[in-house]
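Each remark here refers to the structure printed beneath this line.
From a predicted model like this one, the values you see are computed outputs, not experimental measurements. The sequence lines fix the lettering, A, B, ..., with proteins before strands; numbering per chain opens at 1.
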2 protein chains.
Amino acid sequence: MSLPHAILTALLEKPSSGLELTRRFDKSIGFFWAATHQQIYRELGKLEQSGLIRAIPGPPAQGRRKEYEVLPSGREELAAWVARSDEPRALRDPLALRLRAAAMVGVGEGSLGAEVRRHLGLHVAQLDAYRAMETRDFPDGKRDSAEAKLQHLVLQAGIEMERFWTGWLEQVDAVVAELEAEQP
Amino acid sequence: MSLPHAILTALLEKPSSGLELTRRFDKSIGFFWAATHQQIYRELGKLEQSGLIRAIPGPPAQGRRKEYEVLPSGREELAAWVARSDEPRALRDPLALRLRAAAMVGVGEGSLGAEVRRHLGLHVAQLDAYRAMETRDFPDGKRDSAEAKLQHLVLQAGIEMERFWTGWLEQVDAVVAELEAEQP
DNA sequence: CGGAGCATGTAAGCGGTTACATGATTTC
DNA sequence: GAAATCATGTAACCGCTTACATGCTCCG
């Protein structure tokens, strides 16, 4: 039940249309809870029906775009959710699985090494993106407001997570390259 | 499509019954791809029907337990899967989401801090478990065989992942405690 | 006015989760 | 021989993914 609350949070930060939300998910909240536009539209419909958000009546028909904003009951629901507790989600990583499988059937003909380096590239790019966001959005380290501190922490989780992946994938690359050399 | 291949890997490591597999998933492979016994039984049925594994005929009826083993076609399928490529899965973390939500609606009355520390405890426990596995299964650092090296890498991913979580959650705890003190 | 793309949706299918069912084995 | 537990399943649901559909707007 996280998606509706992710949307409520995003709408509190800034009222938006469905497409705007989709864009913003792609570049910030979505890093910790991805969602496609189909999910978002469906969820917006449900949230509106539940009376937690509403379409802003404002400009009568600026195209077909509907802007949504959070109602007081929506804010209450979100505050209640923040206080709830939840088990951490089990992580799912096919690449780690592939390595264990490779331990049983052997590393292929270079394809596994290539895949490892491809992933490494993706994580390096993501790490750079996060770092750019950090210098842009949180320039003065210690003087952040309460809200900014929390948002900064979330971004730091992204940064340290990607640092972990890149470091680990470099080790993996070294070992896989060695094994590929041994058994051709 | 990772679950069937996770099962093939586990069965190659050691032929097992459904329940045994469930147990082993809980304490090793499952760390990177969790599965319940219902999923496992369903998947075993599919894999047997596809001719990738078979129930070992051996001891006629030792209780009702069925032991499965991987057939040559199953090994081939797994090798082909190892060579395939795949996008990294988007991570999903409700706790990070909660922090962002808390940035908008405020940290509750200590419940968020308690939740953070609860998660911290869980990750510390997991980290200890991984470390125990490492000293038990990989005592002599550099002299591992090819298979052992790959398996060790996967375990190290688990260790570094948990190290990341515990480090980050400690930071989070400090900030949340501070904010809870400010706004009662 | 015609084509490109923007914006909002609908429908089908799949994998995973939760709840329930059934027989067989062990324990008291 | 009754209760508890082990072992293997079945069924229903729910969220996410993929593919497709529809209307609107902008631009040449």
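- Residues passing the side chain to side chain donor-acceptor pair (under 3.5 Å) test with His37(B): none are found, sequence neighbours excluded.
- Using modelled atom types, no side-chain atom of Arg98(A) and backbone atom of Glu115(A) make a donor-acceptor pair closer than 3.5 Å.
- Checked against dC16(D), dG15(D), dG15(C), the side chain of Met1(B) finds its nearest nucleotide in dG15(C).
- In the region residues 19-39 of chain A, proximity to DNA chain D at under 4.0 angstrom, judged on heavy atoms, holds for Trp33(A), Gln38(A), Gln39(A).
- The separation between Asp86(B) atom CG and dG15(C) atom P is 13 Å, rounded to whole Å.
- Straight-line distance from the CD atom of Glu67(A) to the C1' atom of dT8(C): 14 Å, rounded to whole Å.
- Ring geometry for Trp81(A) against His5(A) counts as parallel: the plane angle stays under 30°, on a 0 to 90° scale with 60° as the upper cut.
- Nucleotide dG9(C) holds its P atom 12 Å from the CD atom of Gln49(A), rounded to whole Å.
- Phosphate contact (OP1/OP2 of dC16(D), side-chain N/O of Arg92(B), threshold under 4.0 Å): present.
- The aromatic rings of Phe31(B) and Tyr130(B) sit perpendicular to each other, their planes meeting at more than 60°, with 30° as the lower class boundary.
- Across the interface with DNA chain D, nearest-nucleotide mapping of Leu3(A) and Tyr41(B) shows Tyr41(B) to be the residue nearer the 5′ end.
- Ser2(A) contributes no side-chain N or O that, together with a main-chain N or O of Trp33(A), makes up a donor-acceptor pair within less than 3.5 Å.
- The CD1 atom of Ile40(B) sits 15 Å away from the P atom of dT10(D) (whole-angstrom rounding).
- In this structure, CG of Leu44(B) is placed 13 Å from C1' of dA7(D), rounded to the nearest angstrom.
- Distance Arg42(A) CZ to dA11(C) P: 12 Å, rounded to the nearest Å.
- For the pairing with Arg54(B), the side chain to side chain donor-acceptor pair (under 3.5 Å) check across Glu69(B), Glu67(B), Glu48(B) returns one residue only, Glu69(B).
- Whole-Å rounding puts the Glu87(A) CD to dT17(C) P distance at 14 Å.
- If you take CD of Glu43(B) and C1' of dG16(C), they are 11 Å apart, rounded to a whole angstrom.
- Residues Leu122(A) and Ile159(A) do not share a hydrophobic cluster, defined by chaining ILVMFWY side chains whose heavy atoms lie under 4.5 Å apart.
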